[in-house]
Number of protein chains: 2
Amino acid sequence: MATGRTHRPATRSRGIPEATVARLPLYLRALTALSERSVPTVSSEELAAAAGVNSAKLRKDFSYLGSYGTRGVGYDVEYLVYQISRELGLTQDWPVVIVGIGNLGAALANYGGFASRGFRVAALIDADPAMAGKPVAGIPVQHSDDLEKIIQDNGVSIGVIATPAGAAQAVCDRLVAAGVTSILNFAPTVLSVPDGVDVRKVDLSIELQILAFHEQRKAGEEAAASDGGVPAAAARSDSADQGPDGDMPAVMPA
Amino acid sequence: MATGRTHRPATRSRGIPEATVARLPLYLRALTALSERSVPTVSSEELAAAAGVNSAKLRKDFSYLGSYGTRGVGYDVEYLVYQISRELGLTQDWPVVIVGIGNLGAALANYGGFASRGFRVAALIDADPAMAGKPVAGIPVQHSDDLEKIIQDNGVSIGVIATPAGAAQAVCDRLVAAGVTSILNFAPTVLSVPDGVDVRKVDLSIELQILAFHEQRKAGEEAAASDGGVPAAAARSDSADQGPDGDMPAVMPA
DNA sequence: ATGTCTTTGTGAACGCGTGCACAAAGATGG
DNA sequence: CCATCTTTGTGCACGCGTTCACAAAGACAT
């Protein structure tokens, strides 16, 4: 997962476990693909394979939504698409603002999957006056002075933060004060928000570091295995290597 | 979290829980900020607040790495930065390739936090011949025909996929065949990989849908609370509303 | 050297999530 | 109408992760 939730830890919503909610979009995507191929029904086994999960898990997930399957047959694709969409709240329109129209913000604005399911980019906002009026993805960028007005006029409740880390908390505070209650944060910072506001973060750097951890471990194991069983910490022959298992309070490449 | 892991489910690496590994980058970021402000030591309480976690959790996380704190005082910032960096494998250099230089790929290439900690963009790869040679973020884009050679020449073990969904699995297969063992996937698809290869995914669409779920729930609760206790599904006055709790196997806005 | 005070490190309990394995349900064919 | 076969829905057990609460450890003052 390239993400981690913040806040709202144990508040099981209407009995649907958080882990299940996180998988529903996955199922929905697989089901939509089946729907486009006009497949009428699908078994838990097939759908689970398409979504990359265990079939028992999938069945249990669906059981939280209700009994939508038919034993001996499987699930009706269209029906399930509708039920999951409704459960996720995708049968209504969600206006979204993107704040911070740099490289990433522009990429997000252009992202097709954005508009595809109930989400609509209501406005693009940037602090740079030079950006104001310039169209990105067909939408004119507006200056952040008007942030509050934009939020209120469009009834926006979901905000995307794609600003530099330094500006993120201030933007977040303004969004929340203006009425936004869900935030998707791409800035590499921990945001603090009042209760009742959901924050999800997407952090490239964290994901890479997690991969590096496992990568290092794989390299170490492999070296140990071919060496003769010594559980060495890390042993890569390429690239400059620091002390193998040093304990010195050294400085870092930062 | 804007992510979910795939594969390597229970394989506790060297005794460090996966959940802890996922938090180490967070601690590292907070510690680096302290280090830049020349703060010598920090207590678990302070650091936990900066990282947005519980202090007991933080102490337990650190206990997996060893006893690096001093009772009555706290943790030495520099020392801890080094230990976590080493544990995450950031004391070595990780060449990374980005495949798919569209809006998102370009944004990633330009992302500063990329190079900051041990990661180096070794190459940008795209399937479009028109892109070949064109510099993005100061690095010339190379054609995907040369993918295998690029991987091998640079000793790349981490690949980032930023292609359209349709191309992702094919790119993934080629990366893995060429020797990549860790993949960060931005394409909205489930990738299947052989054992021993780690995949982490970052999926904007999924994150938004999770937010929408909670948002809908909040709106419902609020309406129920002000209405008189009926647990209605959703009741927003703005924007067109579908049937409130319909059960019909209807079609979807897709 | 001794006492006090702060903060770590961890034992233990609890809750969530996962996966097995099977009974119940329904379709299908004779 | 009955038997068989497929597939769902779920009870149950297990393991991971989180949190509490406290004993042990060390700093610091006297």
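Convention: sequence-line order gives letters A, B, ...; per-chain numbering from 1.
- The nucleotide whose nearest atom lies closest to any side-chain atom of A:A56 is, among C:dA21, C:dA27, D:dG9, C:dA21.
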Using a cutoff of under 3.5 Å, can you pull out all pairs of nitrogen or oxygen atoms linking the protein to nucleotides 23-25 of chain C, with atom names and distances?
from, atom 1, to, atom 2, distance (Å)
C:dA24, N3, A:R71, NH1, 2.6
C:dA25, O4', A:R71, NE, 3.3

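- Between the CG atom of A:L58 and the C1' atom of D:dT7 there is a distance of 12 Å, given to the nearest Å.
- Going from atom CD1 of A:I206 over to atom CZ of B:R29 covers 4.5 Å, rounded to the nearest 0.5 Å.
- Looking at the side chain of A:V73, the nearest of the listed nucleotides C:dA27, C:dT8, C:dT18 is C:dA27.
- Atom-to-atom distance recorded for B:L24:CG and B:L65:CG is 5.5 Å, nearest 0.5 angstrom.
- The backbone N or O of A:G89 lies less than 3.5 Å from no partner atom in the side chain of B:Q209, so there is not a single donor-acceptor pair.
- Here the CG-CZ distance, from B:L211 to B:F213, works out to 11.5 Å after rounding to the nearest 0.5 Å.
- Partner B:Y75 forms a ring pair (Phe, Tyr, Trp, His ring centres under 6.0 Å) with one of B:Y68, B:F62, B:Y27 and no other, that one being B:F62.
- The interatomic distance linking A:D61 (CG) with C:dG19 (C1') rounds to 12 Å, in whole Å.
- Looking only at atom types and distance, the side chain of B:S35 has a donor-acceptor partner in the side chain of B:E78 under 3.5 Å away.
- Counting to the nearest Å, the C1' atom of D:dC16 and the NZ atom of A:K57 are 13 Å from each other.
- Within the 4.5 Å cutoff, the side chain of B:E87 has heavy atoms near those of the B:I16 side chain.
- Here the side chain of A:T70 is nearest to one of C:dA27, C:dT8, D:dT8, namely C:dA27.
- Atoms OH (B:Y75) and C1' (C:dT6) sit 13 Å apart, rounded to a whole Å.
- For D:dT8, one of the phosphate oxygens OP1 or OP2 lies less than 4.0 angstrom from a side-chain nitrogen or oxygen of A:S44.
- To the nearest angstrom, P of D:dT7 lies 22 Å from OH of A:Y68.
- OP1 or OP2 of D:dG17 has not a single side-chain nitrogen or oxygen of B:N54 nearer than 4.0 Å.
- Summarising the geometry, the separation between CG on B:L80 and P on C:dT8 is reported as 11 Å, rounded to the nearest angstrom.
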Discussion item. Show, in sequence, the C-alpha distance, side-chain angles and deciding distance for A:T20 and A:D61, and conclude whether the side chain to side chain donor-acceptor pair (under 3.5 Å) test is met.
Written reply: CA-CA 6 Å; A:T20 295; A:D61 283 342; 2.6 Å; yes
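- Between C:dT18 and A:R59, no contact under 4.0 Å exists linking OP1 or OP2 to a side-chain N or O.
- Between the side chains of B:S44 and B:R59, at least one donor N or O sits under 3.5 Å from an acceptor N or O.
- What separates CD of A:E45 from C1' of D:dG9 is a distance of 14 Å, to the nearest Å.
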Listed pairs, N/O of protein and of nucleotides 11-14 of chain D, under 3.5 Å:
from, atom 1, to, atom 2, distance (Å)
D:dG11, O6, A:K60, NZ, 3.2
D:dC12, N4, A:K60, NZ, 3.2

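- Within the 4.0 angstrom heavy-atom criterion, no nucleotide atom of any strand lies near B:F62.
- Counting only heavy atoms from C-beta on, A:P17 has its side chain closest to C:dG17 among D:dT8, C:dG17, C:dG9.
- In this structure, CZ of A:R23 is placed 12 Å from C1' of C:dG19, rounded to the nearest angstrom.
- Using a cutoff of 4.0 Å between basic side-chain nitrogens and carboxylate oxygens, B:D198 and A:R217 are not scored as salt-bridged.
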